[in-house]
Amino acid sequence: MTDTAVTTDPLLSVEDLHVSFGHGNQTVQAVAGITFTLRQGETLGLVGESGCGKSTTGRAIVQVEKATSGKIRFGETELTSLSRGDLRGLRTQVQMIFQDPISSLNPRRRVIDIVSEPLTIWKIGSKEERVETSRAMLDQVGIDPYLNGSRRPREFSGGQCQRISIARALVLKPKLLVCDEVVSALDVSVQAQILNLLQDLKREYNLTILFIAHDLAVVKNVSDRVAVMYLGRLCEIAPSDLLYESPAHHYTAALLASAVEPDPEAPRLTAALTGEPPSPINPPSGCRFRTRCPRAEARCAEEVPEMREIGSGHQVACHFPIGS
């Protein structure tokens, strides 16, 4: 749980977002009608199995991928209807950190030039001021700018490259940061360092963060709220502590049961999931999780469950939620 002040005003609103790839019968429904809001100063964790569409959601928000339909509103601005020029200007306020820290950096450029490039593109300050700003940002993420500024990405570890990526993303002082699996490729000890760094930077810059991950433990530690995604749709959204203590969707419960506890004495829970996830090219009718759900009934195949409120800030898309 974070301690940054969270306002009631949504900074980001996503409404009925669809993102599809391909043509005709081979269309993949990567994101199939999801709706959520992200308040100023909040961290929302987006979690789910590989291939569920969470990274596509993040890329659609920053308009790297174009939405097939739906609305994405940042403040008072509708992103999906912006011209290319207007969208380019807005990207100074919305930045993304990608999963692979090494391939996201230009291997031919020096680190100081990588971090200062956004300032150069937008002509912010003089050349000397841009260098000083970039050095200060590198120092803030734990990279010595005088010792390492002239080095290239191949000379750094994965964790160091991710710190450089964070410095580049924050040098323009954005309002919204989309983190796409930023620690999944790193060792556990390095993961903790990066997560602590993000928490510190969030407090200092009053950042709003969409944190995408598949590791439930990581998401819990950094998020105010958590949204669970399955095969392109949202299953459940709740405050972090509440979701982990009292999951209402059977998929959420299965994910929690399958998480490995770092305690050999802890009781072992058996996950309720069976089988493989269905193909996004031909998803099941009704509830997309019904083919793997232990509670599925005929209604689940006929009717798509809509997200509904079952408690304070707790929403679930299930005809037969846990505890009902």
Side-chain angles (χ1 to χ4, degrees), residues 1-14 34-50 52-55 57-58 61 97 176-184 186 188 191-230 233-263 266 269 271 289 307-318 321-323:
M1 184 71 68
T2 61
D3 57 4
T4 302
V6 178
T7 69
T8 58
D9 300 324
L11 178 67
L12 177 73
S13 299
V14 176
I34 67 172
T35 298
F36 65 89
T37 59
L38 186 54
R39 301 187 295 272
Q40 175 70 47
E42 181 184 31
T43 296
L44 176 67
L46 183 59
V47 65
E49 293 175 291
S50 295
C52 71
K54 55 188 184 296
S55 290
T57 299
I61 288 171
I97 304 173
L176 174 63
L177 191 62
V178 178
C179 300
D180 183 17
E181 299 273 16
V182 295
V183 296
S184 63
L186 306 177
V188 175
Q191 286 184 12
Q193 295 173 14
I194 297 299
L195 293 174
N196 290 335
L197 172 63
L198 283 172
Q199 292 288 75
D200 293 341
L201 293 172
K202 179 189 175 181
R203 285 190 290 268
E204 178 162 351
Y205 292 99
N206 193 29
L207 289 170
T208 303
I209 299 177
L210 177 64
F211 192 90
I212 300 168
H214 64 268
D215 190 324
L216 290 165
V218 168
V219 172
K220 179 182 180 181
N221 291 333
V222 301
S223 303
D224 297 291
R225 290 187 300 146
V226 176
V228 182
M229 194 169 185
Y230 180 81
R233 296 185 65 88
L234 290 180
C235 301
E236 187 170 4
I237 304 176
S240 178
D241 292 339
L242 178 60
L243 183 132
Y244 282 78
E245 292 171 2
S246 304
H249 199 283
H250 299 277
Y251 177 60
T252 306
L255 287 180
L256 292 171
S258 63
V260 178
E261 286 286 342
D263 180 4
L269 301 177
F289 183 62
M307 193 73 77
R308 57 192 173 96
E309 192 95 7
I310 61 169
S312 179
H314 195 171
Q315 297 176 295
V316 65
C318 182
I322 298 171

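Here the side chains of Phe211 and Leu198 are in contact, with some heavy-atom distance below 4.5 Å. Between Met307 and Thr35, the closest side-chain pair of non-hydrogen atoms is not below 4.5 Å.
For the side-chain hydrogen bond (donor to acceptor under 3.5 Å, both in side chains) test, no residue two or more places apart in sequence or in another chain qualifies with Ser246. Evaluation of the side-chain hydrogen bond (donor to acceptor under 3.5 Å, both in side chains) rule for Glu49 yields Tyr251, Arg292 as partners, not counting sequence neighbours. Considering only residues two or more places apart in sequence or on other chains, His314 meets the side-chain contact (heavy atoms from CB on, under 4.5 Å) condition with Glu236, Ala238, Leu242, Ala248, Ile310. Shown here are the side-chain hydrogen bond (donor to acceptor under 3.5 Å, both in side chains) partners of Gln315, two or more places apart in sequence or in another chain: there are none. The side-chain contact (heavy atoms from CB on, under 4.5 Å) search around Asn196 returns none, not counting sequence neighbours. For Asp200, the side-chain hydrogen bond (donor to acceptor under 3.5 Å, both in side chains) criterion is met by Arg203, not counting sequence neighbours. Applying the side-chain contact (heavy atoms from CB on, under 4.5 Å) rule to Cys52 yields the partners Lys54, Met229; only residues at least two apart in sequence or on another chain are considered.
Here the straight-line distance linking atom CG of Leu207 with atom CG of Leu177 works out to 6.0 Å at 0.5 Å rounding. In this structure, CG on Leu46 lies 6.5 Å from CD1 on Ile34, to the nearest 0.5 angstrom. Once rounded to the nearest 0.5 Å, the distance linking NZ of Lys202 with OG1 of Thr208 reads 7.5 Å.
Taking the centre of each ring, Phe289 and His249 come in below the 6.0 Å mark.
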message: Please determine whether side-chain contact (heavy atoms from CB on, under 4.5 Å) holds for the pair Leu38 and Val14, giving the CA-CA distance in whole Å, both sets of side-chain angles, and the decisive distance to 0.1 Å.
response: CA-CA 9 Å; Leu38 186 54; Val14 176; over 6 Å; no
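Here the closest non-hydrogen pair linking Ser223 and Ser240 is O-CB, 3.3 Å.
Checking side-chain atoms of Gln40 against main-chain N and O of Leu11 turns up no donor-acceptor pair under 3.5 Å.
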